[in-house]
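The structure appears below as structure tokens.
Letters A, B, ... are given to chains in the order of the sequence lines, protein chains preceding strands, and every chain is numbered from 1.
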Number of protein chains: 2
Amino acid sequence: MQTAAQVDDRVFTALADPSRRAIFESLTRGEAAVKELTARFAISQPAVSQHLATLRAAGLVHGRREGRSVYYRVAPGGLRPLVDWITQYRAFWTDSLERLERLLEKMDP
Amino acid sequence: MQTAAQVDDRVFTALADPSRRAIFESLTRGEAAVKELTARFAISQPAVSQHLATLRAAGLVHGRREGRSVYYRVAPGGLRPLVDWITQYRAFWTDSLERLERLLEKMDP
DNA sequence: GCATTCCATAAGCGATGGCTTATTGATGGA
DNA sequence: TCCATCAATAAGCCATCGCTTATGGAATGC
């Protein structure tokens, strides 16, 4: 089985690297093939593939093969573990979002 | 000056390590001195101090000296960069919180 | 079939990270 | 003053990481 802590670990670790975060952010603006991603960043194609493998293992992106290309996109819900983690400590980032959440809990408990 | 990306980097990196995350989570349950933290985890006192230094540099905790002890606590707003980062991509963690937020944006734009 | 394109994996290298023990620094009590 | 306690820093060690080049493997076009 797979504990929540292990999932958190993979997600946090995957996003800790700046290149990987950049790739992820790039994918949030739309699906892209490995070749396109390689063109966007100043690293080699294998480096990009390795980062994508890490992001995929963390459940943050999906890959879809189409002919010779593999198109990657952000996995819906992939950030969920991070959101859940952070929500646990919402008392420590007091801001509007938190107030909204409380308000809605009252409205629709 | 200090760019947002650099802040994100420090926060993500700080939270990527399981020991550091455990220490942070421990502090969310209340202030604690280094000695107490050392007792809670199976690592040496210097290791704990090093982790705390990293967390402090990321703005996630504060240290307060009191006599020979140094009491650490979670820094309010320290998770803010993480929340902001995630909020950018809220379209990708579709859930109730997101719906609530949209609803409120409509109510109070 | 054969060459080409796109991607993944292998292997290796230098840098970084997290841990340890040893030491220093600061505070407080006898 | 002297010693004990608590924390931070220094130095070194080993594992891991991110990158590279080289290679393998699948799909396409000729």
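- In summary, contact between chain A and DNA chain D, defined as any nucleotide atom under 4.0 Å from a heavy atom of the protein, begins and ends at D/dG18 to D/dT28 in the 5' to 3' direction.
- Using a 30° and 60° split on the angle between ring planes, A/Tyr89 and A/Trp85 fall in the perpendicular class, above 60°.
- The minimum heavy-atom distance linking A/Ala14 with A/Ala58 is given by the pair CB-CB, 3.9 Å.
- Counting only distance, with no hydrogens or angles, the side chain of A/Arg73 and the backbone of A/His62 share no donor-acceptor pair below 3.5 Å.
- For B/Arg65 (side chain) and B/Gly67 (main-chain N/O), a donor-acceptor pair under 3.5 Å exists by modelled atom type.
- With respect to B/Val11, the side-chain contact (heavy atoms from CB on, under 4.5 Å) criterion is satisfied by exactly one of B/Leu15, B/Asp8, B/Asp9, B/Thr13: B/Leu15.
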| remark: Under a 4.0 Å heavy-atom criterion, the protein footprint on nucleotides 2-12 of chain C, written with B, S and -, is --BBSBBBB--
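- The backbone N or O of A/Thr87 lies less than 3.5 Å from a partner atom in the side chain of A/Arg90, making a donor-acceptor pair.
- Heavy atoms only, all atoms of each residue included: B/Phe41 and B/Ser26 are closest at CZ-CB, 4.0 Å.
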Give every donor-acceptor pair under 3.5 Å between a side-chain atom in residues 46-56 of chain A and any protein atom, sequence neighbours left out.
{"from": "A/Ser49", "atom 1": "OG", "to": "A/Gln45", "atom 2": "NE2", "distance (Å)": "3.1"}
{"from": "A/His51", "atom 1": "ND1", "to": "A/Arg20", "atom 2": "NH1", "distance (Å)": "3.4"}
{"from": "A/Thr54", "atom 1": "OG1", "to": "A/Gln50", "atom 2": "O", "distance (Å)": "3.2"}

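- Nucleotide C/dG17 holds its C1' atom 14 Å from the CG atom of B/Asp9, rounded to whole Å.
- The residue among A/Thr13 and A/Gly67 whose nearest nucleotide of DNA chain D is located toward the 5' end is A/Thr13.
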